[in-house]
Structure formats: structure tokens, C-alpha cells
Amino acid sequence: MARAQHWLLKSEPFKYSWSQLMTDGKTHWDGVRNYEARNNLRAMTVGDLCLFYHSNEGKEIVGVAEVVRAAYPDPSSKDDWSCVDVSPVVPFTAPVSLDAIRNRKALAAMQMLTRNRLSVTRVTAAEFRTLLKMGETALP
DNA sequence: GCCAACGTTGGC
DNA sequence: GCCAACGTTGGC
């Protein structure tokens with residue numbers, strides 16, 4: 001398998017939570033209405049790993065999901081937007097809070113911090129490894 | 001619930 | 001093509 005890319009997906013748990021994703025087994029990541037986020041969605045390929053972050057309520061990374069379908073036209077819009085399908089991979093044993101991320105030097109450059117309103121951001125392989133470790137979680 | 005940040009829109 | 005107004009997001 002080609003080396004996977006890593007991403008971070010934000011969702012307000014009210015709107016769509018990690019546990020909902022676990023229940024559903026798979027979801028359409030639609031509704032993105034920001035060009036930069038859309039470009040990130042379009043750059044995703046099947047097998048890419050996504051950190052799942054609860055914004056607003058919780059403010060922590062709670063699990064890892066996987067892209068199971070690459071970008072296709074968002075059915076919730078007739079304009080030129082995209083969405084992908086994701087499935088859960090593994091929940092974090094220890095959710096990683098926004099504070100913990102900020103306090104970790106190795107994560108200071110994370111796009112989720114520098115572009116704080118972007119709902120789909122890139123994560124480097126090193127950042128991903130660090131976060132997995134902080135979450136006390138290993139990939140299956 | 002408020003406010004700051006910032007992307008998008010629309011008037012010029 | 002600039003820039004002010006507006007809307008949305010997300011942290012607090």
C-alpha cells in the first residue's frame with residue numbers, strides 16, 4: 001500500500017460525533033463549504049488516516065478514521081463541492097485535548113492550530129505519530 | 001452567549 | 001480589483 005496521508009477532521013459532536021460514526025460504521029463527510037477544506041478533501045485518497053476532533057464541545061481528538069471513498073461531488077449541494085466517505089478505525093484510549101496539543105512543542109506547527117477555523121486540515125506523519133502516542137493508541 | 005478571526009460577497 | 005460588510009466558526 002502506498003504511504004497514507006494524514007488529516008484532521010473537525011466536527012461538532014452535536015452535529016456528528018465520533019460515537020455516531022462508530023454506530024454508523026461509515027459516513028459521508030459532506031457539507032464542507034470552504035475552498036481550502038475542499039481542496040484537502042480532494043487530495044485525500046482511500047486509506048488515508050483522519051484524526052477525528054470534536055470542536056466546541058470536548059475540544060479533543062477522540063479517534064482515528066480512514067478514508068474509504070475518495071472525493072466525489074457533495075450530494076448536499078448543487079454547486080461544486082466535494083465530500084468523502086470515512087469509516088472508524090480505532091478510538092483513542094486517551095482523548096488528546098486542544099490544550100495538550102498546544103502544550104506540545106512538536107505540534108506547534110499543526111495546521112489545525114495555525115488555521116484554526118479550517119475544518120479539514122493536513123497532519124504530517126510525525127504529528128500523527130506523536131498524537132497516536134499521546135492518545136495511548138496503536139493502529140490495528 | 002459573546003466575541004475575535006477570517007473567508008466570502010457585493011458595491012463601487 | 002479593492003475593500004467594507006457580512007456570515008460562519010470555534011474558543012472561551
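Just so it is clear, the structure is predicted and the values come from calculations on it, not from any experiment. FYI, side chains are in, hydrogens and waters are out, and symmetry mates aren't considered; it's all heavy atoms of this structure. Chain naming here is simple, since letters A, B, ... match the order of the sequence lines and numbering starts at 1 in each.
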Short side-chain N/O contact from A:Arg33 to OP1 or OP2 of B:dG7, under 4.0 Å | no
A:Asp74/A:Arg33 ion pair, N-O < 4.0 Å = yes
Atom CD of A:Glu60 and atom P of C:dG10: how far apart are they, to the nearest Å?
-> 16 Å
Would you please classify the geometry between the A:Phe52 ring and the A:Tyr16 ring as parallel, tilted or perpendicular, with 30° and 60° separating the classes?
-> tilted
Quick one: A:Asp99 CG to C:dC12 C1', roughly how many Å, whole number?
-> 11 Å
Nucleotide nearest A:Arg102 when distance is taken to its side chain, options C:dC12, C:dT9, B:dT8 = C:dC12
Taking the six-membered ring for Trp and the full ring for Phe, Tyr or His, determine whether the centres of A:Tyr35 and A:Trp81 are under 6.0 Å apart.
-> yes
With the side chain of A:Tyr35 defined as its heavy atoms from C-beta on, choose the nearest nucleotide among C:dG11, B:dT8, C:dT8.
-> B:dT8
Tell me whether the OP1 or OP2 atom of C:dG10 has a side-chain N or O from A:Lys10 closer than 4.0 Å.
-> yes
From A:His54 atom NE2 to A:Ser97 atom OG, the distance as rounded to the nearest 0.5 Å = 14.0 Å
Atom CG of A:Leu118 and atom C1' of B:dC6: how far apart are they, to the nearest Å?
-> 11 Å
Distance in angstrom units between A:Asn40 CG and B:dG7 C1', rounded = 15 Å
d(NZ, A:Lys59; C1', C:dG11) in whole Å = 6 Å
Result for 5'-nearest mapping on DNA chain B, choosing between A:Arg117 and A:Asn56, is A:Asn56
Euclidean distance, atom CZ of residue A:Phe14 to atom P of C:dT8 [Å, nearest integer] = 19 Å
Across the strands shown, which category fits A:Asn116 at heavy-atom distances under 4.0 angstrom: base, sugar-phosphate, nothing?
-> sugar-phosphate
Atom-pair distance (CZ on A:Arg115; P on C:dG10), nearest Å = 12 Å
Roughly how many Å is it from CD1 in A:Ile101 to P in C:dG10, rounded to a whole number?
-> 14 Å
Cationic N near anionic O, under 4.0 Å, A:Asp30 to A:Arg69 | no
Do the side-chain N or O atoms of A:Tyr53 get closer than 4.0 angstrom to the phosphate oxygens (OP1, OP2) of C:dT9?
-> no
